Trainee: 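Pasting a structure below so you can have a look.
All ligand and atom numbering here is 1-based and tracks the order in the structure. Quick caveat: nothing in here was measured; it's all calculated off a predicted structure.
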Amino acid sequence: MKKRILGVLLVCVMVFSLLTACDDKTPSSDSGSNASSSTTSVNDVKGTKVGVAMPTKDLQRWNQDGDNMKKQLEAAGYTVDLQYASNDVATQVSQIENMISSGCKVLVIASIEGDSLGTVLEQAKEKNVKVIAYDRLIMNSDAVTYYATFDNYMVGTKQGEYIESQLGLKDGKGPFNIELITGDPGDNNARFFFGGAMDVLQKYIDNGQLVVKSGQVDFATCATQSWSTENAQNRFDAIISANYSDGTQLDAVLASNDSTAMGVTNSLEANYEGNHSNWPIITGQDCDKPNVKNMIAGKQAMSIFKDTRTLAEKTVEMVDAIIKGKEAPVNDTKTYNNGTGIIPSYLCEPVFADATNYKKILIESGYYTEDDLK
Ligand code: BGC
């Protein structure tokens, strides 16, 4: 009996020491800088610095993204260096350089131009600083470990389907006049949004149920530099005066996001509203407050709601996994090739909001208060 107990004890001791040995080998991103501290547990992230590079403060969404990321990373114990780059690529590059040299272990980057970070991210790679592409894919750099975003193609299909159902296109209704506007050609997302929407709408253009009077249908012509409201408005001023000033009705505008939708609305208010009886169905994305107000006022039909709280949550999970030497949860390993291979991605699900459901989606979820939308 005694022998048996001794045997069991011996096995327990062996299993315990084996487990401890395995634990010691768990990779930690702190190796190198903290190698001397044998007390540092892999779970201890206190003070680990994370750089968060956002494109601009001009659009509401990026302010929310930045705030959410900072709040959630700090709650998880990280120290955060949050920077905005005024939509200027050189500024973003130098902010990233500073983040690398000041000891950030992980960089979360919403790029201004997907193709412009290759060189600076070489430096990150040399220093074993990991990179997460946030919302926008960083192209042609093998320094990117993960991509956290919304399903960008689905954003586009939801916009296209909204127009399809509001105009009754599946029932053969038409012809209707439509115009198209999308985002910055340097933003990989813009092609996904536009492509997703056109995969729904193209067949109706081909069969004549939808007519694009301006003739402007290809991505490059419909693109908007810097996603700027002013650029969108200028383009639409020209489209309206050339094609709709004789009283022709415009029935729908596919706009890829809220900043471009706002340019369209501004243009219609100036050049269309007084001498036309209808107001077109206009799509959007982000549910920015001024656009939701327009939605309530009937000036924008819908917007895609991307809950930036969820995106931040998923990104923090990725940061945590990297720091703790684990695999991050991803749900897409086939869609996003950045030119160096597929980047494992987590795609959050977008939903549409319009005047019929915005209270539930935006207010009851705690995203906005009633007062925010007055
Ligand atoms: C984002 C959109 C945003 C646009 C302009 C895109 O990359 O996914 O949500 O409206 O950039 O900032």
Trainee: Using side chain to side chain contact (heavy atoms under 4.5 Å, CB included) as the criterion, list what pairs up with Ala301, not counting sequence neighbours.
Mentor: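 Per chain and number, Ala301 pairs via side chain to side chain contact (heavy atoms under 4.5 Å, CB included) with Tyr162, Ile281.
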Trainee: Test of understanding: with side chain to side chain contact (heavy atoms under 4.5 Å, CB included), list the residues that count as partners of Lys289, not counting sequence neighbours.
Mentor: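 Listed in chain order: Gln60, Tyr368, Asp372, Leu373.
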Trainee: Is it true that Tyr358 and Met302 fall in one hydrophobic cluster, defined by side-chain heavy atoms closer than 4.5 Å?
Mentor: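 No, Tyr358 and Met302 fall in different hydrophobic clusters.
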Trainee: Any carboxylate oxygen within less than 4.0 angstrom of a Lys/Arg side-chain nitrogen, looking at Glu370 and Lys359?
Mentor: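 Lys359 and Glu370: not salt-bridged.
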Trainee: Fit a plane to each ring of Tyr336 and Phe192, take the angle between them on a 0 to 90° scale, and name the class: parallel (under 30°), tilted (30 to 60°) or perpendicular (over 60°).
Mentor: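 The rings of Tyr336 and Phe192 sit tilted, inter-plane angle from 30° to 60°.
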Trainee: Please name all residues satisfying side chain to side chain contact (heavy atoms under 4.5 Å, CB included) with Asn275, sequence neighbours left out, ordered by chain then number.
Mentor: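 By the side chain to side chain contact (heavy atoms under 4.5 Å, CB included) rule, Asn275 matches no residue at all.
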Trainee: Report all protein residues having a heavy-atom distance below 4.0 Å to some atom of ligand 1; order the list by chain, then number.
Mentor: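 Close residues (ligand 1, cut-off 4.0 Å): Leu59, Arg61, Trp62, Asp135, Arg136, Asp187, Asn189, Phe193, Trp227, Asn257, Gln285, Asp286, Lys306.
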